[in-house]
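Beneath this line is the structure, given in structure tokens, with notes to follow.
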There are 2 protein chains.
Amino acid sequence: MKILIADDDPQILRALSITFTASDYDVVTAGDGAAALRRAAEHHPDIVVLDLGMPQLSGIDVIHGLRGYSTVPILVISGRMDSIDKVQALDAGADDYVTKPFLTDELLARVRALTRRRLPLREESGATFGDVRVDLVARSVVRTTDGADIHLTRTEWRLLETLMVNAGRLVTQEILLTEVWGPQHIRDTGYLRLYIRQLRKKLERDPGTPRHLLTEAGMGYRFVPE
Amino acid sequence: MKILIADDDPQILRALSITFTASDYDVVTAGDGAAALRRAAEHHPDIVVLDLGMPQLSGIDVIHGLRGYSTVPILVISGRMDSIDKVQALDAGADDYVTKPFLTDELLARVRALTRRRLPLREESGATFGDVRVDLVARSVVRTTDGADIHLTRTEWRLLETLMVNAGRLVTQEILLTEVWGPQHIRDTGYLRLYIRQLRKKLERDPGTPRHLLTEAGMGYRFVPE
DNA sequence: GTGGGCCGTGAGGAAAACGTGAGGACGGCC
DNA sequence: GGCCGTCCTCACGTTTTCCTCACGGCCCAC
């Protein structure tokens, strides 16, 4: 379970880091809003803990930035108790709001409550289609015809995972590019053509006429299990 | 959006009832834990707001009872600020925890945050009419007669989406042209004739006599679900 | 009637988007 | 250094999408 913690106070950052590391989280930290967005794009955290009062790029900006491409749970920490701040943050897309000072036990419990909602998605993390069986958790692809293992590279996994998590739904090029290569490559549609082809070569029965990794010209791609 | 409010204090119950009714929620109330479980089973609420300090069946018991069969979002209200209570409630399966006294604005925002996360997971994000089922989120059209997928292009989706979010209302040519092709094409009504035809071919049972994508001569078009 | 809007229909070509093949840059590893 | 896997660049053929153009029908005003 990977957690991104963003706070401009190094002391709090360090304290939270220790707390979550002790609870077996994989911790990524950021000292300001811009860094938070950058690190989120790099690391794909399972949950984001965000201090609202950061200089330059505010917490609200970061929420908007994240929500532009991701549904990752966001927990906001703030020193201000104003109702208006809470409402603003929650309506911007945050999932929970905690005011300082807070007890670490409570913070941990709230983070557990937020991540718990996501887990059921992960349980059904495999799919069998065409001639292959894909397991997203085990990161394995097995050909059902002869039981051979098929190897996917890191980039291929990230792309396939994004498509499979949204099985049946159209996933726009923007979302795919942001999830796999980061927001700075949002216009590099050539990457998609290249790696979709790779995935088709490895997963489709007839890569020339794909049945599961479908193109929707001008919009994006769609994974259909059946 | 249906909300179940459970509190043993009739005054609070009444106040919350008024607040949520005013925000267009469909409100169901319960005065104790047993009633809460009973009414939840009857009404299948979209969210549950639960006072922790109820007599007989406590809030924690109600959470356990609900979680036995449902994943409905649960927001807990409590007069006790003890960290131990919060942790217990959250780990029992609650999704959020608010301590009295609280501001109604904040409570409303938290309820919005909880229900928002559920919506995209729901299957029902589109409309069924004629022989097709349209899902705007998944960007999919399925013919109900034989289950075949119907493919729409980017422009067709944009036009259909504009009409569907204004279901039942007349949408002027100017608005459609601006939304789909941009303000510079506000006079190109030929685009509309072309793409409305495409949509009718793909969605209407008898494209010659449309029943859902209706022309209003000289004004615009109207989408009617039934 | 009849002429002018307005709308629906049909076909076809330009442009955008996509798929494909070959190969170079880079870093890890022996 | 040489090998290998991975990622990315570039050029070119193919498919899909979008838009243009021409024509016919309907309705209402005159």
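First the proteins, then the strands, lettered A, B, ... as listed; each starts at 1.
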Exercise. Between A/R169 and B/D135, is the closest basic N to carboxylate O distance under 4.0 Å?
Worked result: no
For this session: Enter the inter-axis angle for the ends of the helix from C/dG1-D/dC30 to C/dC30-D/dG1 (five pairs per end, rounded to 10°).
Result: 20°
Exercise. What pairs with B/E156 under salt bridge (charged side-chain N to carboxylate O under 4.0 Å, His left out), at least two apart in sequence or on another chain?
Worked result: B/K202
Problem set entry | A/D82 (side chain) donor-acceptor with A/I84 (main chain) under 3.5 angstrom | no
Exercise. Partners of A/W181 by ring-ring contact (aromatic ring centres under 6.0 Å, His included), sequence neighbours excluded?
Worked result: A/Y191, A/Y195
Exercise. Roughly how many Å is it from NZ in A/K201 to P in D/dG5, rounded to a whole number?
Worked result: 15 Å
Exercise. Do A/D32 side-chain atoms and A/A35 backbone N/O form a donor-acceptor pair below 3.5 Å?
Worked result: yes
Problem set entry | Distance in angstrom units between A/Y221 OH and C/dG19 P, rounded | 4 Å
Seminar exercise, completed: Nearest heavy-atom approach of A/L177 to A/I186 is CD1-O, 3.1 Å
Problem set entry | Any residue meeting salt bridge (charged side-chain N to carboxylate O under 4.0 Å, His left out) with B/R67, in chain and number order, not counting sequence neighbours | B/D95
Seminar exercise, completed: Sorted by chain and residue number, the ring-ring contact (aromatic ring centres under 6.0 Å, His included) partners of A/H212 (sequence neighbours excluded) come out as A/F129
Exercise. Counting only heavy atoms not in B/D24, do more than 12 sit closer than 6.0 Å to its CG atom?
Worked result: no
For this session: Quickly work out the A/L192 CG to C/dA17 P distance and round it to whole Å.
Result: 13 Å
Problem set entry | Rounded interatomic separation in angstrom, taking CD1 from B/I196 and P from C/dT9 | 12 Å
Seminar exercise, completed: Counting primed atoms, P, OP1 and OP2 as sugar-phosphate and everything else as base, the B/S/- map of nucleotides 15-30 of chain D against protein heavy atoms under 4.0 Å is -SSBBB----------
For this session: Just grab all the side chain to side chain donor-acceptor pair (under 3.5 Å) pairs involving residues 12-23 of chain A, residues at least two apart or on different chains.
Result: none
Taking N or O atoms only and anything under 3.5 Å, show me the protein contacts with nucleotides 12-15 of chain C, one pair per line.
none

For this session: Round to a whole Å and report the spacing from CG of A/L199 to P of C/dT20.
Result: 13 Å
For this session: Compute whether any side-chain donor of one residue and acceptor of the other, for A/R200 and A/T215, lie under 3.5 angstrom apart.
Result: yes
Exercise. Does any residue of residues 203-214 of chain A have a heavy atom under 4.0 Å from DNA chain C, and if so, which ones, in number order?
Worked result: none
Exercise. Of the options B/I63, B/L114, B/D96, which is the one that meets B/I74 in a side-chain contact (heavy atoms from CB on, under 4.5 Å)?
Worked result: B/I63
For this session: Please lay out, stage by stage, how A/Y221 and A/N166 fare under the test side-chain contact (heavy atoms from CB on, under 4.5 Å).
Result: CA-CA 10 Å; A/Y221 292 86; A/N166 294 292; over 6 Å; no
Problem set entry | Close side-chain approach of B/K2 and B/H43, heavy atoms under 4.5 Å | yes
For this session: Step by step, work out the side-chain contact (heavy atoms from CB on, under 4.5 Å) result for B/Q173 and B/E216.
Result: CA-CA 10 Å; B/Q173 297 174 340; B/E216 310 252 341; over 6 Å; no
Problem set entry | Side-chain donor/acceptor contact of B/R200 with base of C/dG8 under 3.5 Å | no
Using residues 4-13 of chain A as the side-chain source, report each donor-acceptor pair under 3.5 Å to any protein atom, sequence neighbours left out, with the distance given to one decimal.
{"from": "A/D7", "atom 1": "OD1", "to": "A/D9", "atom 2": "N", "distance (Å)": "2.9"}
{"from": "A/D9", "atom 1": "OD1", "to": "A/Q11", "atom 2": "N", "distance (Å)": "2.8"}

Seminar exercise, completed: Letter by letter from the 5' end, nucleotides 25-30 of chain C scores (B base, S sugar-phosphate only, - none; protein heavy atoms under 4.0 Å) ------
Exercise. For C/dA17, does either OP1 or OP2 sit under 4.0 Å from a side-chain N or O belonging to A/T215?
Worked result: no
Exercise. What are the residues of residues 161-178 of chain B, sorted by number, that bring a heavy atom to within less than 4.0 Å of DNA chain C?
Worked result: B/Q173
Problem set entry | Carboxylate-amine/guanidinium proximity below 4.0 Å for A/R143 and A/D131 | no
